[in-house]
Amino acid sequence: MKYFAALHAGFSRALRGRPGAALAAGAAILASLAAGTAQAEPQGLLETIHKQTTLSSTVPDNGDQNPYALAVSPLTAGKVQQNDVLIDNFNNATNLQGVGTTIVDFNPSTQKLTLFASVPHDLKECPGGVGLSTAMTILKSGWVIVGSTPSNDGTTGTKGAGCLLVFDMEGKLATVFSSENINDPWGNMAVVDNGQSATLFVSNSGFGVGGAEAVEPPVFKQATVLRIELAIDPGKPPVVKNETVVASGFSERADKGVFLIGPTGLALGKDGTLYVSDAIGNRISQIDDALTRDTSAGVGRTLTADGLLQRPLAMVMTPAGHLLVTNGLNGKVVEIDPATGRQIYARWIDTDKAQSPPGNGDLFGIVMTPEGDGFYYVEDDMNTLVIAK
Amino acid sequence: MNAPKPPDEPVSGEGPGALTRRGFLKAGGLAAAAGAGLGAAGLAQAALDKGKPPAAPAASMAKAARKAEPFFGEHQAGIATPQQTHTYFAAFDITTNDRADVIALLKTWTEASARLTQGDTAQPLDLNPAAVAQPAAPADDAVLGGMSTLDDAAPVAANNASGGRHAAVVTNAAVGAGAAGGDTVTASQAASAGNAAAGVDAASAAGADSAAGKVRAAAAIDSPASGTAGNDGYAPAAAPAYSAAPFEDSGEALGLDTARLTLTFGFGPSLFTRDGVDRFGLAARRPDALVDLPRFNGDQLVKDKSGGDLCVQACADDPQVAFHAVRQLARLAQGKAAIRWVQAGFLSMPADGGTPRNLMGFKDGTNNPPIRNAAAMDKLIWAGAEGPAWMRGGTYTVFRRIRITLEHWDNTEVGFQEAVFGRHKYSGAPLGKQKEFDPVDLAANDAHGNPTIPDNSHVRLSNQASNNGAQILRRSYSYNDGVNFYAERWPPWRQELEYDAGLLFVAHQRDPRTAFIPINHRLAASDLMNQFTTHVGSAVFACPPGAKPGSFIGAGLFEA
């Protein structure tokens, strides 16, 4: 029981002002652990998490809200120190979605938040303008690539196709990628970064999607996963060499509350299998040979569905090769062993009872710490960056 | 600039005439005052005693001033005054560029406020309007009532001779800037009669019936049209202008208790400079502490609910009395200042005299500085020698219109609500304590080492111990303005008709730079309550010290 007591204490500390959730969430963990023995080796990462700490507000001076993407810098260059966390914002100061234009930089050493980049919302090079999404990465070569899923009025009724924006490490816009294959790059990217070349996987959730006026906006099965191969010459911005749709036919729809629902999380296994969180299908799909295939695998094969999943969003892979996926409809992160498809357990990392169930709608981006001993995530309810480890 | 003249009337309620009038009216009421003339005689005598022209045949229909707060004093009332149950707040923009107009307005407001807070009408009432009508007036005037005609010759003398109503009219003319604002009817009637272009330095009786109704118009043809240029704006007898006053007081507070009415005035940053322009020669006198409030995280400020050159906060135990007071002052400001935004508020007091609750159901104001502790008030609330002399004894007041998503709040558990506040809902005690006034122990931990009062709870973030000892005197009111369509800022982002209700947050302090601003920065960044609250209006005002009898609110600001 000593083990549990420590875990419980760690969890309770993590509540950060939401003690009312302790019992319910504690019970959930107990139930999750009941299957194994208390003294066993950790089955995964989540049970090793002892503390959650709110690190910073993510709101820059211009008031942008709703943090979405997270990326940890692999290098020190320009405004950014190695291991800094970049966070982008999807909403503007009036909290309209799809019009956020800022990326902030949190330095874990100084605990300071600074503005990394800001672009005009009406950037001509990006079809429909700029509303920064959950797609963001920092390449070793010193380029920050971030998706735009733009709107003009905060609804999908005015959304554009968007683009991928490329910034240098000073936060200056260097180039913009747009093409017929890019339509609202929405979820977090999976990336293979080889220095002078890189491969990005981007989920596109905008094809065919219109306004959200209907009581139940129609579901379109047109979302894709696009593989983008980049060539990066020293000192020059990346250039797109190839675009390949490796998956297609995922469900997507407009939503009054959360703007878009579609495939969101992407994570790449060591064997080249790409895992895709299918938010509407409430499942994790796997796309075989994602790095090499030259045709679409359709919606792939289902790795796991339902169970602990509640609208799976952003996804990341742990050092042990497990998937961590944030739930959109509660404040939980679910750990999955992709080798077996087993949902190992879930942890309630956002227990904010301002939402029902607690944390509903609060989670989105997630990224591993550089050490791999925990993860950063954002809380949309409070516009904060949190670390769990 | 001319030296300000003292108000014509004893306005403090301290003079013998005033006491006589009030005592009489209390005893005899309206009918006796109108009929017998005993009160009128007494009043006339009182006015004569002060060396003034006779003011009125019957000046006032005072409310019974059973519960009156003093108007004059070291500090303005309505700040440290035990809180009344209702407020009507109004921010004004000044519509003149003439410094003398501003002074005149403040004098008029002072005079009216001193009357209103003591249970009088804003201006002396004419209780016998029929006697005012000129004998030459056609019969239909009497039917219509309310409008008077004026002889071509010696209009000022005629006014004075006809008594209080016209005295009030002249005062109003000075206040109302001639043909502008509420006097427009008169001016247009004059124009229709062809007199406006004549430019004669006398009032003329308009001979034509107006299209709007058969009223006789008297027009002020005095030049310049504003009627106030070139003097200090407060010399009614010197201004040979005439305009019809629609009424001296709208009357809806007649017979009501004074209800502890207080009227508190403040000067906004834009009084000193607006868009970089020093309209009134006051820029150099702006206190350092009167800063423009910075943007706070989550602010969704609406321009139409923010700012203001001047403010009037009426507080009373009767909403009709509070609104009545602002309504009179707004009318008296015509031509000089116009309402920019208003907010009514309420705060129902528990029967046991305990701390009142806000719309979230929690006690609000428990941890306020002690208003009866002069030393604490001097330290925390009243401006001292660190700023300009004209503000000494005043305070700096922040108003924030904070919408609360009550629908969202009402769907959360009480235990969670308590975590948000850091207090128990029903007792008001800090979390972990039993009684409302038990000290807030921010160091207390539970058995697992977690803070008993959560890190991002409202009490912890706003507590003086978390803010270098900074404290504010909160004197807030709830508001409820019906429903509007809202898209919530928080998951799950409901979009529907919701209450436009919340809190008119009012905070007094010695210096916002070390009080409201740092406290609210912490709250805006981290307060769990932010998931339910949105700041949609904001204003800051320098509320000068109380006026002395014979002087006016803010007089020190305008002294050379």
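Within every chain, numbering begins at 1; the chains are lettered A, B, ... in the order of the sequence lines, protein sequences first and strands thereafter.
- Residues that satisfy the ring-ring contact (aromatic ring centres under 6.0 Å, His included) test with Phe90(A), not counting sequence neighbours, are Tyr68(A), Trp186(A), Phe259(A).
- With rounding to the nearest 0.5 angstrom, the CG atom of Asn456(B) is 6.5 Å from the OG1 atom of Thr54(A).
- Under the 4.5 Å side-chain criterion, counting only non-hydrogen atoms from C-beta, Asn297(B) is in contact with Gln65(A).
- Sparse packing is recorded around CG of Asn468(B), with 12 or fewer heavy atoms of other residues, nucleotides or ligands lying under 6.0 Å away.
- The residue among Ala93(A), Gly63(A), Gly154(A) with the most heavy atom pairs within less than 4.5 Å of chain B is Ala93(A).
- Counting non-hydrogen atoms of neighbouring residues, nucleotides and ligands closer than 6.0 angstrom, the NZ atom of Lys425(B) exceeds 12 such neighbours.
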Please step through side-chain contact (heavy atoms from CB on, under 4.5 Å) for the pair Gln417(B) and Lys353(A), ending with a clear verdict. CA-CA 9 Å; Gln417(B) 295 181 354; Lys353(A) 292 179 116 184; over 6 Å; no
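- Looking at Asp61(A), the atoms closer than 4.5 Å to chain B (heavy atoms on both sides) all sit in the backbone: N, CA, C or O.
- For Gln531(B) against Asp381(A), the heavy-atom pair with the smallest separation is OE1-CB, 3.2 Å.
- Neither the backbone nor the side chain of Thr534(B) comes within less than 4.5 Å of any heavy atom of chain A.
- Interface remark: Thr94(A) contributes backbone and side-chain atoms alike to the contact with chain B (heavy atom separation under 4.5 Å).
- Counting heavy-atom neighbours within 6.0 Å of Gln111(A) CD, excluding the residue itself, gives a total above 12.
- Contact count against chain B (heavy-atom pairs under 4.5 Å) is highest for Asn95(A) among Asn360(A), Asn95(A), Asn66(A).
- Shortest non-hydrogen contact noted between Ala354(A) and Phe532(B) is CB-CZ, 3.5 Å.
- Phe106(A) is linked by a ring-ring contact (aromatic ring centres under 6.0 Å, His included) to nothing, counting only residues two or more places apart in sequence or in another chain.
- Proximity to chain A (any heavy atom under 4.5 Å) is restricted, for Asp299(B), to the backbone atoms N, CA, C and O.
- Atom CG of Leu528(B) and atom CE of Met382(A) lie 5.0 Å apart (nearest 0.5 Å).
- Ser57(A) contributes atom OG, which lies 12.0 Å from atom NE2 of His521(B) (distance to the nearest 0.5 angstrom).
- Open room surrounds OH on Tyr499(B); 12 or fewer heavy atoms of other groups in view lie less than 6.0 Å from it.
- For Glu496(B), the CD atom is densely surrounded, since the number of other residues' heavy atoms within 6.0 Å is greater than 12.
- Ranked by non-hydrogen atom pairs under 4.5 Å with chain A, the options Glu418(B), Arg460(B), Arg295(B) are led by Arg295(B).
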